[in-house]
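Atoms considered below: every heavy atom in the structure, side chains included; atoms not considered: hydrogens, waters and symmetry mates. The chains referred to below are lettered A, B, ... by the order of the sequence lines, with proteins before strands, and numbering in each begins at 1.
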Amino acid sequence: MTLGKRFTLALVVALTGIGALASAAEPMPTDRTKAHNMVRVGVSAFALPEQRNEFELSTLSTLERVFGKSRLDIHHYSVEALTEAVCRGEVDIFISSAGAARRLVGVGTRPIATTVAPGLDDPNHNEGSAIVLRTDDERTLTELRGTRVAANLPFGFSGYQIALGEIARLGYDPDTFFRDAVFFHKSAAMREVAEAVRGGRADVGILRLCAYESLLETDPELARALRVLPPPEDAADEIAGKVACRVSTRLYPAQGLSVMPTVSPDDSRRLLVGLLTMPPTPDGRAWSVATDFRAVDMLLKDLRVGPYAYLRQWTLRRFVETFWPAIVLFALGVVGLVLHSWRANILVKRREDELALAHHREETQNKRIEQLQHAGAVGQLSNLIAHEVHQPLAAIRLYAEGLERQAAHPATTPDRIASIAGRIAQQAERASQVVDRVRDYAKQRDPVMKAIRVDDILRHLESTYPKLGSMTEIVADDAVRTRFIKASLLEIELAVVNLLRNAREATRGCATPRIRLLVRTVGKNVDFTVEDNGPGVSPERLRALAEPLSSEKPDGLGLGLSIVKHLVDRHGGVLLFAARQDPQSPDATGLSASIRLPVVPSPRNAQYPHEPHDSIGNHT
Amino acid sequence: MKTSPLIRIVDDDEALIDAIRYVVEGEGYLTAAYPSAEAFLQCDDPRAPGCLLLDVRMGGMSGPQLFEELRHTGHTIPIIFLSAHGSIDLAVDLMQKGAVSFLPKPVGSERLLRRSSAHSPMHPSTAPLPHPTRSVHGKRKWSNWLPRVSPTARLPSGSASRNARLNSSARMPCASSAFTVRMNSKQP
């Protein structure tokens, strides 16, 4: 592994650096000792006070022996404070756990001696942790995931970190393995930890090696409420027989004494000799030399602390190496999403385009139909009006030419000429009025709607289309004639005339054509119904007539009816078709077409001259 | 002047009638004007020689219908049709049935007079009168020969006031001043 190589290299560089510093200090030991004559000693608290006191006193007297009492500057630190002091260079010699010592190799720390005790004789393997559960809790370590843990210190090596090392070995992230952690923030908190587990504050307790055995002596009841997890099976062989206490973890070197580069090699040598020759305390504790710190380093690496804290700082490469399967999956997911989004966008765009096109097509079509209908109405109107225009034009031409012919005639007096000229002007005015009316209609898209009396419409109809009466019977009672509808006279007339024309077409082959225009009040509407006695109309044909635009030939009924519909629509009315049923003669057939327009209230103060003033033609 | 032929004008447009009369009378013809075919049948004197200027489209009986009626009963008075809606089909049809001319509106005075004079010669020596072919002695009305036609039968009902005068005059005695035969064009 590249990482492994790099680590080894870093370690070599670090150790070489320590060596260099140590050797650099040698040529002028007097300078250093003179300048910094004092030897600053840091002592980390021991877990078990009674042991600590005895062994600590013995060790400190050894230090006095080696350096002389006047040179010693001894400070007691908590684990955390000691680490900080070492990092600041305020400590030359310190006593700590093997973990703390190895954690600080980066600043030049070098462990030189390790404690041993009866039953903990191997300095390489005389530290570990007991993981305790309540006696009735039969779970294994793996099964304790997500539970609450109790321990003395979050960064205590002996105890908590060693236990977390086992969790890391099992393949879990020790930082998140436990749901919650209870810390007592002091080294000597073994009893509190045990009670937290027994009392249910925590599911798991972590005790330093042999703390459980101490409890068995001091508080057997508390100890018996707890059980110690067995050591990991894969390390059972190397653990077996090494320690006299119950242990749940692999074994590491116990507390030791470390020197900093500020201590001269000579002082170091004399110190080591002094420690190793120190007589064991009455309980058998003594100093020895540990040679194998690999397990400690492995543990620190697993926990990513101390020199391995950099492992917590994610580099891109490390991130990729650690999580490449997840990254690949994520990347695939992202690519998939992008592809999906791209495809969806294309589909949506395509659909939008289709819809826009369809909408545009429909709009164009509607506009064309409307234009066609308008043009059709205008065209029809023009045709009807052409006749009316021709009349005054014909008259004008004849007057003018007659006048020309008779210019020399004795009967052609100035009075006579003036009279004829007046008539010409009159006819010219009449023609221009007709033309204006058509032009106005053609120009305007929205008709000028006003309330008109039905009677006025009928009178106007008769006067505009005088031929109507000869073949059409108009039936309208006085009541309906006084009603008002909102309409454009010109347009409603055109609509009715179209229906009449259709009826005339339908009855062309009849022996006795009969067309009736019935004007009736139906509820709140006025119906203009055109009935004929033409051939019968099938239901299919009736349905076809109700279609918006019949596909009939443009010259025939279709366009005529489409114009009627268009005009009726503009008036807010409806066009109705029915097969005619004549109760008097059941055989009678034919079509009944109705224009139904809503009645409006009569306008106030409106003047309705007897003579309609909105005439197209001027039939007199 | 008693030899002057009578030119009958049947049209529903008062102004056009007036204009035609002005031109035709200017040439010395007698004229008689009728606002409808029905009025013509009721009031015109078939004994007077001349021709008929007949509008195609009119309220009530149309020009071609009147033509059919006259031909059906054997009357051969020369008929010149006037139409603003002249289709070739209609013109050909009417000519084949015996109409002497078919003039589109607006017609020029030159053409109108040429056609009229061709069929209403001022001097019988120039061209013999083509009608009447049947004896019309004692018959002062066209309708006397037209028993199938009732002039008022197909008149429009409920007409507007504007048409009332024309329609009522059609039913009224032919003494109405509006349709008095003008004997002399010199009378304004």
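- The aromatic rings of B:Tyr22 and A:Tyr399 lie tilted to each other, with the angle between the two planes from 30° to 60°.
- Interface residue B:Leu113: only side-chain heavy atoms are found under 4.5 Å from chain A.
- For the set A:Arg423, A:Gln427, A:Gln426, the entry with the most heavy-atom pairs within less than 4.5 Å of chain B is A:Arg423.
- Relative ring orientation between B:Phe67 and B:Phe81 is described as perpendicular, the plane-to-plane angle rising above 60° on a 0-90° scale split at 30° and 60°.
- Heavy atoms closer than 4.5 Å to chain B are found in both the backbone and the side chain of A:Leu403.
- Among all heavy-atom pairs drawn from B:Ala15 and B:Asp13, the shortest one is N-OD1, 3.0 Å.
- Scanning all heavy atoms of the two residues, the minimum distance from B:Arg115 to B:Ser101 falls at CD-OG, 3.1 Å.
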